[in-house]
Amino acid sequence: MRLLTSAVITIGCSSTKAFDYAADLKNFGDWFPAVINLVAEDDVAFTTPGKRYTETVAVPLRGERAVRIVVVEAEIPVRLVTEGDQPLVLPRMEIEFSAVGEKSCEVRWRMLSRNETALARFTIVPFAGWLMGRRARAGLRNLKRLLDGPPR
């Protein structure tokens with residue numbers, strides 16, 4: 001796998017609160033840019049490996065695209081990992097949550113590509129990394145605004 005981008009932010013809430021909100025992908029479009037819609041395909045808990053979603057996402061120069069997402073790993077309230085079927089990129093998203101003191105946490109977001117071909121490595125992967133890096137930083141700032149506790 002190839003790392004496309006990674007971003008981290010400290011948020012003024014517990015890691016459990018951050019996990020419960022951010023890892024529940026029904027909320028993903030509320031904080032992550034370019035996610036137009038995300039619909040669960042089943043009724044199992046969001047932390048269940050195998051849970052499936054259809055995500056509608058804005059793709060530069062291509063408009064809106066549907067991507068099937070599946071939860072491949074979940075460790076409550078520490079980590080959520082998903083994989084998508086978007087051609088060429090074959091994305092893998094990892095979100096990790098860790099406590100930083102009593103009333104704050106660190107959220108680490110990573111996007112990787114499961115496509116190991118040379119064609120992808122030299123064409124789509126660099127652009128996807130740049131684009132997802134911008135979106136990740138903006139998304140984590142949005143998440144912080146939504147979840148931060150009162151000013152200290």
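We're numbering straight along the sequence, starting at 1.
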To the nearest 0.5 Å, tell me how far R52 CZ sits from D85 CG.
9.0 Å

Would you mind reporting whether V71 and Y53 have side-chain heavy atoms less than 4.5 Å apart?
yes

R134 CZ: over 12 foreign heavy atoms closer than 6.0 Å:
no

Test item: K26 and F46 side chains (from C-beta on) under 4.5 Å apart, heavy atoms
no

To the nearest 0.5 Å, how far apart are NZ in K103 and CG in D148?
13.0 Å

Student check: side-chain heavy atoms of L143 and V107 closer than 4.5 Å
yes

Could you check if a side-chain atom of L38 sits within less than 4.5 angstrom of a side-chain atom of T54, using non-hydrogen atoms only?
no

Specify whether F97 and F19 have parallel, tilted or perpendicular ring planes, treating 30° as the upper limit for parallel and 60° as the lower limit for perpendicular.
perpendicular

Going from CG on L90 to CD1 on I124, what distance comes out if it is rounded to the nearest 0.5 angstrom?
11.0 Å

Do we see a donor-acceptor contact under 3.5 Å between the side chains of S113 and N115?
no

Would you mind reporting whether E106 and E96 have side-chain heavy atoms less than 4.5 Å apart?
no

Quick one: are V57 and R135 in side-chain contact, heavy atoms under 4.5 Å?
yes

Only one of V81, T82, L80 clears side chain to side chain contact (heavy atoms under 4.5 Å, CB included) with E94; which?
V81

Charged N to carboxylate O below 4.0 Å: is that the case for R68 and E41?
yes

Any non-hydrogen side-chain atom of D24 less than 4.5 Å from a side-chain atom of D20?
no

Using the ring of each side chain (for Trp, its six-membered ring), is F28 parallel, tilted or perpendicular to F32, with breaks at 30° and 60°?
parallel

Looking at T10 and K144, what are the two nearest heavy atoms and their distance?
O-NZ, 2.7 Å

Sub-4.5 Å side-chain heavy-atom contact between R110 and M93
no

Working note: M132 + R137, criterion side-chain contact (heavy atoms from CB on, under 4.5 Å); need CA distance, chi angles, decisive distance, verdict.
CA-CA 8 Å; M132 293 310 296; R137 289 185 296 277; over 6 Å; no

